[in-house]
Amino acid sequence: MQEFKSIFKWMEGQRLKVVGALMATAFGIVFSTLIPLVSQTAIDMVIKQTTEGNPTFISDIVLSVSSFKGQLLMCGALIMIFTVINALFNFLKAKWSAEASENLAKNLKDKMYHHIQQLSFMYHKRVETGDLIQRCTSDIDTIRLFLSSQLVEMGYAVLIFIIIFSFMLSLNVKFALVSVCLTPVLFGFCFIFFKKVKQSFKEADESEARLSTTLQENLTGVRVVRAYCNQEYEIKQFEKRNQELKEKSYVMTKLNALFWSSSDFLSFLQIAVVIIYGAYITIKGEITLGTLQAFISYESMIIWPVRQLGRVLTDLGKTTISVKRINEVLNEPIEFEEGLQKPQITGSIEFDHVGFEYEDHDRILKDISFKVEKGQTIAIIGRTGSGKTTLMNLLLRLYDYTEGSIKIDGVELKKIDHKWMRAHIGAVLQELFLYSKTIKQNIAIAKKDAHEDEIQSVAKLASVHHVIEDFENGYDTIVGERGVTLSGGQKQRVGIARALINECPILIFDDSLSAVDTETDIEIRRALNERSKDVTTFIIAHRVSTVKDADQIIVLDKGHIIQRGTHEELIHQEGLYQTFWEIQNQKEAEVLNLMNEESGV
Ligand SMILES: Nc1ncnc2c1ncn2[C@@H]1O[C@H](COP(=O)(O)OP(=O)(O)O)[C@@H](O)[C@H]1O
Ligand SMILES: [Mg+2]
């Protein structure tokens, strides 16, 4: 029931249309039920000239014409008028229910999208993207269908049954009762059957979802598939899932065939009962030929909607599931707390005994304390998995620290408005994402109205300007799936340009120079130093050469700070930093040697 309350709530602004559609349905039915009455009059009173039968207001109209020919013509005209009016109401019904359902689907999609934008990063990490997409598309579509067809169909079936049954009762009570004697059986049969079929529907649905996932992963991971010659395996996987779907669909089709044939049998049986019983009482003289004809018409008008109703009722199950799935998203609390501050952010940062763990994981960060003054450069170095990215995610409030405190310019981070905080940080994330848009648009994400000159100047700082200039379309080159593919290093540099477009007091470079060569690395850092004198900069790197000029260097290992100091201090200390330094120096020396040998020096 909760689900219908939700649908009712979402119908806001559309309720009048839905009511209109239901009313149009009712009027349409009334006019279509009048048609058999016209033929009844035509048979009994015009052709057979009997006066007993059942006089109705139709017969009054028809008999008000004097000639036989005129009466017949009047019958024909009435049938035409009723048919046209019925068609008109049918049109209104379809129009209004379509408008209401399309509007509801659109509004609901907007509402979902809006809500999803405000959910925390943590939520997005937790849920499966595919599932979320499913909720925004096919689940909403299920509700749209409910409103556009099932609700009206249900209303239609109930109304047509009530209206026609009362017409039948007014014609002949006993015959009316005989005419619906099998209806409860038919209805019950449909209901029970579709309950059974639902399970098989669900299995086929899930099977289809698995097939799509296989396809999607294969296409997304096309490079890995090719590189590891995994095509054979992928084809086998696909064939397996495809076979599975075929079998599940086959079961469903078989069940459906069984259902339609049995329910057809029941429906025709009911019609046969009406014809046989009706013929019997007509011969006995209890009803007229015209009434029999009207009953037969009515019977076929109600029997099919009743059969449909059983199906619609079970489809309702699907609708309730979809509503539940949508509500799960909409009820997720958004990333917003009241009373958050928007303090001035200049870039002095203090971590004080900060600890953090992901849900169901060991503690990833333990007892992290350090202080950065405004304008300082702080480098964090450590093995992969040591927690460097996590540390920066805490600063960006993508996750909330579970222990200790982080203060920005003396204000507790958790008290600062999320958006406000993030607007003051220019971050080049490790998992860099570029939209399938132009390079210009990708750089100007945080500043949509950025001027060409500004874009070019940050691209120059990031040492990527000349690369972009070399493209045929320059800054209007489209990147990503629809356009050119940038190399890892080029992508990183576009990412850096993007982070620089707003002059933020805090900059974060998370492994952002890993894919550029040492020379470009130095060039970029030199340019940054000049421009960002007052900017607090976090540099996360593997390369000692990248971090060695930092004001302070923190060495992170398994979530702990194990060393800290300047480059000079650290290379003279026994520990991880020294090891890094020695290995990397050695490698550089080896490379130099190799190059010398090759050039024959
Ligand atoms: N979303 C997540 N959920 C659970 N564990 C995670 C998540 N992201 C990272 N981790 C774990 O946290 C640890 C630190 O990861 P990360 O901060 O990315 O390290 P680094 O950036 O130093 O390579 C790793 O052991 C990683 O497996
Ligand atoms: Mg990382």
Side-chain angles (χ1 to χ4, degrees), residues 113 117 342 344-347 374-375 377 392 395-396 398 417-541 546:
Y113 195 71
Q117 294 307 309
K342 292 184 176 173
Q344 210 204 343
I345 293 176
T346 64
K374 168 180 186 280
T377 298
M392 290 303 103
L395 193 61
L396 280 162
L398 293 176
D417 185 89
H418 294 86
K419 276 191 192 155
W420 179 257
M421 183 65 212
R422 288 174 197 154
H424 285 82
I425 300 179
V428 189
L429 302 176
Q430 189 173 15
E431 289 172 28
L432 201 68
F433 174 77
L434 295 184
Y435 288 91
S436 294
K437 292 183 180 172
T438 63
I439 294 182
K440 197 157 71 183
Q441 284 168 320
N442 266 297
I443 293 178
I445 280 178
K447 194 175 184 184
K448 303 276 184 305
D449 57 352
H451 198 266
E452 292 272 335
D453 296 344
E454 286 177 80
I455 294 175
Q456 292 198 11
S457 102
V458 288
K460 278 177 193 153
L461 280 175
S463 286
V464 70
H465 174 69
H466 58 279
V467 178
I468 301 171
E469 290 276 88
D470 281 348
F471 290 133
E472 198 181 321
N473 295 320
Y475 281 84
D476 292 316
T477 305
I478 292 177
V479 294
E481 285 185 359
R482 290 194 290 125
V484 301
T485 310
L486 298 181
S487 77
Q490 289 167 344
K491 248 171 126 176
Q492 284 188 336
R493 282 178 278 165
V494 171
I496 293 172
R498 171 197 284 177
L500 295 174
I501 193 84
N502 279 321
E503 296 196 5
C504 300
I506 301 167
L507 282 175
I508 295 175
F509 298 98
D510 189 355
D511 250 337
S512 318
L513 296 164
S514 58
V516 300
D517 54 275
T518 318
E519 217 171 290
T520 317
D521 177 357
I522 294 169
E523 204 176 299
I524 295 174
R525 274 182 298 116
R526 195 173 295 147
L528 281 180
N529 271 344
E530 263 167 44
R531 170 171 131 153
S532 324
K533 282 207 174 59
D534 294 335
V535 176
T536 307
T537 310
F538 285 86
I539 293 184
I540 292 169
T546 309

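Every heavy atom of this structure was used, including side-chain atoms; hydrogens, water molecules and symmetry mates were not.
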* Structure fact -> V467 and Q490 have their tightest heavy-atom pair at CG1-NE2, 3.4 Å
* Given side chains that start at C-beta, do those of L398 and R422 come closer than 4.5 Å, heavy atoms only? -> yes
* To do: Give, for atom NZ of K460 and atom CG of D453, the distance between the pair rounded to the nearest 0.5 Å.
  => 8.0 Å
* Is the shortest heavy-atom distance from the side chain of E454 to the side chain of K447 under 4.5 Å? -> yes
Show every donor-acceptor pair shorter than 3.5 Å between a side-chain atom in residues 424-431 and any protein atom, with sequence neighbours excluded, or say none if there are none.
unit_1	atom_1	unit_2	atom_2	d
H424	ND1	W420	O	2.7
Q430	OE1	T389	OG1	2.7
Q430	NE2	D511	OD2	3.2

* Asked: What are the two closest heavy atoms between A459 and I443, and how far apart are they?
  -> CB-CD1, 4.5 Å
* **Residues that Y113 engages under ring-ring contact (aromatic ring centres under 6.0 Å, His included), provided they are two or more places apart** => none
* Asked: Would you say N502's side chain and C504's backbone share a donor-acceptor pair under 3.5 angstrom?
  -> no
* To do: Supply the atom-to-atom distance R525 CZ to T546 OG1, rounded to the nearest 0.5 angstrom.
  => 5.0 Å
* **Neighbour count above 12 (heavy atom, 6.0 Å) for N473 CG** => yes
* Side chains of I524 and L461: closer than 4.5 Å at any heavy-atom pair? -> no
* To do: Provide the closest heavy-atom pair for G347 versus I506 in the form atom of the first, atom of the second, distance.
  => CA-CG1, 4.0 Å
* Asked: What distance separates L432 CG from L434 CG, expressed to the nearest 0.5 Å?
  -> 5.0 Å
* Asked: Hey, are Q492 and S512 close enough side-chain-wise for a donor-acceptor pair under 3.5 Å?
  -> no
* Asked: Side chains of L528 and L500: closer than 4.5 Å at any heavy-atom pair?
  -> yes
* **Flag, side chain of N442 to backbone of Y435, donor-acceptor distance under 3.5 Å** => yes
* Taking every non-hydrogen atom, the tightest pair across T536 and T346 -> OG1-O, 4.4 Å
* If we only count heavy atoms from C-beta on, is the V458 to H465 side-chain gap below 4.5 Å? -> no
* To do: Taking the side chain as every heavy atom from C-beta outward, state whether F471 and I439 have any pair of such atoms under 4.5 Å apart.
  => yes
* Asked: Do you know which two heavy atoms are closest between R493 and V464, and how far apart they sit?
  -> CB-CB, 3.7 Å
* **Main-chain N/O of V535 paired to T537 side chain as donor or acceptor, under 3.5 Å** => yes
* **I345 versus P505, closest heavy-atom pair with distance** => O-CG, 3.4 Å
* Side chains of D476 and T438, donor plus acceptor under 3.5 Å -> no
* **Separation of Y475 OH from E452 CD (nearest 0.5 Å)** => 9.0 Å
* Indicate yes or no: at least one non-hydrogen side-chain atom of I478 is less than 4.5 angstrom from one of Q441. => no
* Asked: Is R498 reaching over with its side chain to a backbone N or O of A446, donor-acceptor style, under 3.5 angstrom?
  -> no
* Asked: Any side-chain heavy atom of I540 sitting closer than 4.5 Å to one from F509?
  -> no
